[in-house]
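Step one of this worksheet: look at the structure below.
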Amino acid sequence: MKMRVIAVCVIICGIMLTACGKKLDAQGYLQAMLDLSYKGDSTAYVEMELGTAEEAAAVFERGIDSEMSFFKEKLNMSEELVADFQNLFKEIYGKARYTVGEAKEQKDGSFVVEITYERMKIFEPALISYNEKIASLPEMWAAMETTPTQEEMFEDMTEILRDALRESIESAIYEAQETMTIRIELIDNVYTPNSQDVISLEKALFDTDYSLENSEG
């Protein structure tokens, strides 16, 4: 089992900016996108006139909904669990550590923006804890007067994953600072962050490459 985060790519790559004669503040533009995507903070987004605060809130929620669609497909989730996981992912995104640095304009009118970040190890400890705790479930189910349905068993497992993520959020560990760049491309007079760079940033910010197989030797 692997975790993943995709909401930020959905948000950032979905908001393009038309070149309108005035030189793009690429640093501010990327800052606005990241702050909205990770923190749900629309301050810079509104200041750059990319949209209203209400529109920004809708964009942020749309990104979280995209994230949840994956988990609802993979896991048995009641409405209460869906709400729990939505809040958990908002907390995880909110803890992302990044600093948007200088933007350098390229000959083709595009920009390269440097990002300094700290990778957060949150999924590895959560999945290790989850793997350990689900081992006791068969014994618990066997001791019950009525054998739980498969749906109930999956819900028990999902609740354990939720709790493991909560614990991991409270004790999140960050690795040393590193840097990478994101290209703001100008294509057909429209600015947009390079989608592969945005995906690379998400992978750099969180340990989503960790899976249970890593801990099982």
Side-chain angles (χ1 to χ4, degrees), residues 2-20 22-51 55-74 85-86 89-90 92-120 122-123 175 177-211:
K2 280 192 177 184
M3 305 298 287
R4 73 169 194 175
V5 287
I6 62 167
V8 175
C9 188
V10 170
I11 293 174
I12 293 180
C13 295
I15 300 176
M16 298 174 287
L17 187 63
T18 302
C20 55
K22 185 171 64 175
K23 184 178 178 180
L24 175 69
D25 176 6
Q27 182 179 6
Y29 172 60
L30 189 57
Q31 184 78 57
M33 294 298 93
L34 294 178
D35 286 352
L36 174 59
S37 303
Y38 287 112
K39 315 295 184 181
D41 183 353
S42 64
T43 304
Y45 180 90
V46 173
E47 287 177 355
M48 290 197 71
E49 299 181 348
L50 296 169
E55 289 168 342
V59 167
F60 178 67
E61 291 299 333
R62 215 162 39 238
I64 296 297
D65 288 343
S66 296
E67 191 67 60
M68 289 308 305
S69 65
F70 168 78
F71 285 92
K72 286 190 284 188
E73 288 176 8
K74 299 293 182 181
F85 273 86
Q86 285 175 325
F89 274 100
K90 287 177 182 178
I92 291 170
Y93 287 136
K95 285 182 174 287
R97 291 184 180 177
Y98 57 85
T99 301
V100 181
E102 182 183 1
K104 296 180 180 179
E105 188 171 8
Q106 307 300 297
K107 290 181 180 180
D108 62 357
S110 64
F111 291 84
V112 173
V113 187
E114 184 175 86
I115 304 289
T116 302
Y117 66 90
E118 295 175 41
R119 182 180 176 86
M120 179 166 60
I122 190 166
F123 294 119
E175 297 179 353
Q177 281 190 352
E178 294 190 47
T179 60
M180 65 179 298
T181 58
I182 290 184
R183 290 165 288 170
I184 308 296
E185 299 175 324
L186 180 58
I187 302 173
D188 295 331
N189 209 41
V190 174
Y191 289 110
T192 183
N194 178 272
S195 59
Q196 190 55 55
D197 289 350
V198 174
I199 291 170
S200 295
L201 175 61
E202 292 203 7
K203 290 179 178 178
L205 286 172
F206 307 100
D207 58 340
T208 53
D209 56 340
Y210 186 84
S211 71

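Note that the numbering runs from 1 along the sequence shown for the chain.
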Between atom [atom1] of [X] and atom [atom2] of [Y], what is the distance when rounded to the nearest 0.5 Å?
X      : Y      : atom1 : atom2 : value
Glu55  : Arg62  : CD    : CZ    : 9.5 Å
Leu186 : Phe111 : CG    : CZ    : 8.5 Å
Leu205 : Ile122 : CG    : CD1   : 12.0 Å
Ile115 : Ser200 : CD1   : OG    : 12.0 Å

For the pair Ser37 (side chain) and Met33 (backbone), establish whether a donor and an acceptor sit closer than 3.5 Å, ignoring hydrogens and angles.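 Yes; at least one donor-acceptor contact below 3.5 Å.
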
Under the ring pair (Phe, Tyr, Trp, His ring centres under 6.0 Å) test, residues paired with Tyr98 that sit two or more places apart: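 Ring pair (Phe, Tyr, Trp, His ring centres under 6.0 Å) check on Tyr98 returns Tyr38.
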
Got [X] and [Y] here, is their nearest side-chain heavy-atom distance under 4.5 Å?
X      : Y      : value
Glu202 : Thr208 : no
Ile92  : Met120 : yes
Leu201 : Leu34  : yes
Val113 : Ile184 : yes

What pairs of residues pass the salt bridge (charged side-chain N to carboxylate O under 4.0 Å, His left out) test when at least one of them lies in residues 94-104, not counting sequence neighbours?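 Residue pairs with at least one partner in residues 94-104: Arg97-Glu118.
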
With Lys39, which of Leu36, Asp41, Thr43 fulfils side chain to side chain contact (heavy atoms under 4.5 Å, CB included)?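 The option that passes is Asp41.
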
